[in-house]
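Working notes for the structure below.
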Amino acid sequence: MTATSNANGKINLLGLTQPKMEAFFESLGEKRFRAGQVMKWIHHLGVDNFDDMTNVGKALREKLAAVAEIRPPEVVSEDISKDGTRKWVVRVASGSCVETVYIPQNGRGTLCVSSQAGCALDCSFCSTGKQGFNSDLTVAEIIGQVWIANKSFGSIPAKTDRAITNVVMMGMGEPLLNFDNVLDAMLLMMDDLGYGISKRKVTLSTSGVVPMIEKLGELTDVALALSLHAPNNALRNQLVPLNKKYPLEVLLPACNRYMAGLGEKRVLTIEYTMLKDVNDQPEHAEEMIELLRETPCKINLIPFNPFPHSGYERPSNNSIRRFQDMLHKAGYNVTVRTTRGEDIDAACGQLVGQVMDRTRRSERYIALRQLPVDGVPTATQPSNADR
Ligand code: SF4
């Protein structure tokens, strides 16, 4: 099995970027223009059967069927929230399940896509992190989430009337730790033969893998979001343990360089999950104001969405408003993310899928949270030893 072939040895055309698709057709002794024809069938029209490709001759269709296939991840479930949010659980080749969420809002349709089954980074407030880590998703498994969502709305012949207008790599996993596959998938999202989404509307969200931010800037110009969550190193070390490796004084300049490299008036998005009495106090807002002075950005405050045994609570609306006002008065563009899809567990930070955990973190987490303290079961933070 190669990077692009499935267990049956067939190449999965769903995951091939345009240059790779052209190279594939050349390797078959066929003309390069076939790549465009087949990509339109796959991505625009949601076709997964060569026999349906009516402008491809029968002989070539048979040739393709012998060596290739179009295989999206298997859809385990699709739920639709009363607010229009949709959530898909899909099973990937490793056996784990990951989640994809579609959020319609204010004329936009944003698809939140997963990049890994589980996550190795163990952010203390994140339900995905508690599942441990299983595998990187392949290009086909990443773009397949877009394919599935897109197909559920019908085909996309018209650019003007698309259900999915934005994609955020903000689902399960740290996208920069699955760099090559995420990059190819994002190229397909932006390619007119793929999903034709503008580079401004494809956002990669990272917890701060600094060397990969540098590399990303050399290869693409998608929008960047930083999962900040804390205004100082001491607190961020607790919430986002990766901070111990790439602290704020290294991380923010790397983000600034990436944004400067885009050469346009585009700003970094700062994601800040608000945790009651942990990072929601006025002193934290003051620290944020100082910390981000040199970073052109917009700030997205995300009230914590509780999940069982998280150990954290959502702040009151008053403290969220107070925090927002302080940043706003200091000149920052600040929004508070509305919780969507709560009734189908699709809200931010609630994605859990079903990860075949290779790290044994989920096992330890379950054991730890059951340890009684003064006779009361408690939510204890899991060990970071396996990072
Ligand atoms: S917040 Fe993101 S990087 Fe952190 S554990 Fe969750 S999925 Fe991983």
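Index from 1, following the sequence. Indexing begins at 1, ligand by ligand and atom by atom, following the structure's order.
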Looking at K63 and E30, is any side-chain nitrogen of the basic one under 4.0 Å from a carboxylate oxygen of the acidic one? yes
K87 with D79: basic N within carboxylate O range, under 4.0 Å: no
For atom NZ of K40, is the number of surrounding heavy atoms from other residues, nucleotides or ligands below 6.0 Å larger than 12? no
ILVMFWY network linking V167 to L219, side-chain heavy atoms under 4.5 angstrom: yes
Only one of S114, S205, S115 passes side-chain contact (heavy atoms from CB on, under 4.5 Å) with M169, and that residue is S115
Identified side-chain contact (heavy atoms from CB on, under 4.5 Å) counterpart of I142 within the set T100, D184, L137, L183: L137
Which protein atoms of type N, O or S are found under 2.8 Å from atom 6 (Fe) of ligand 1? C126 SG
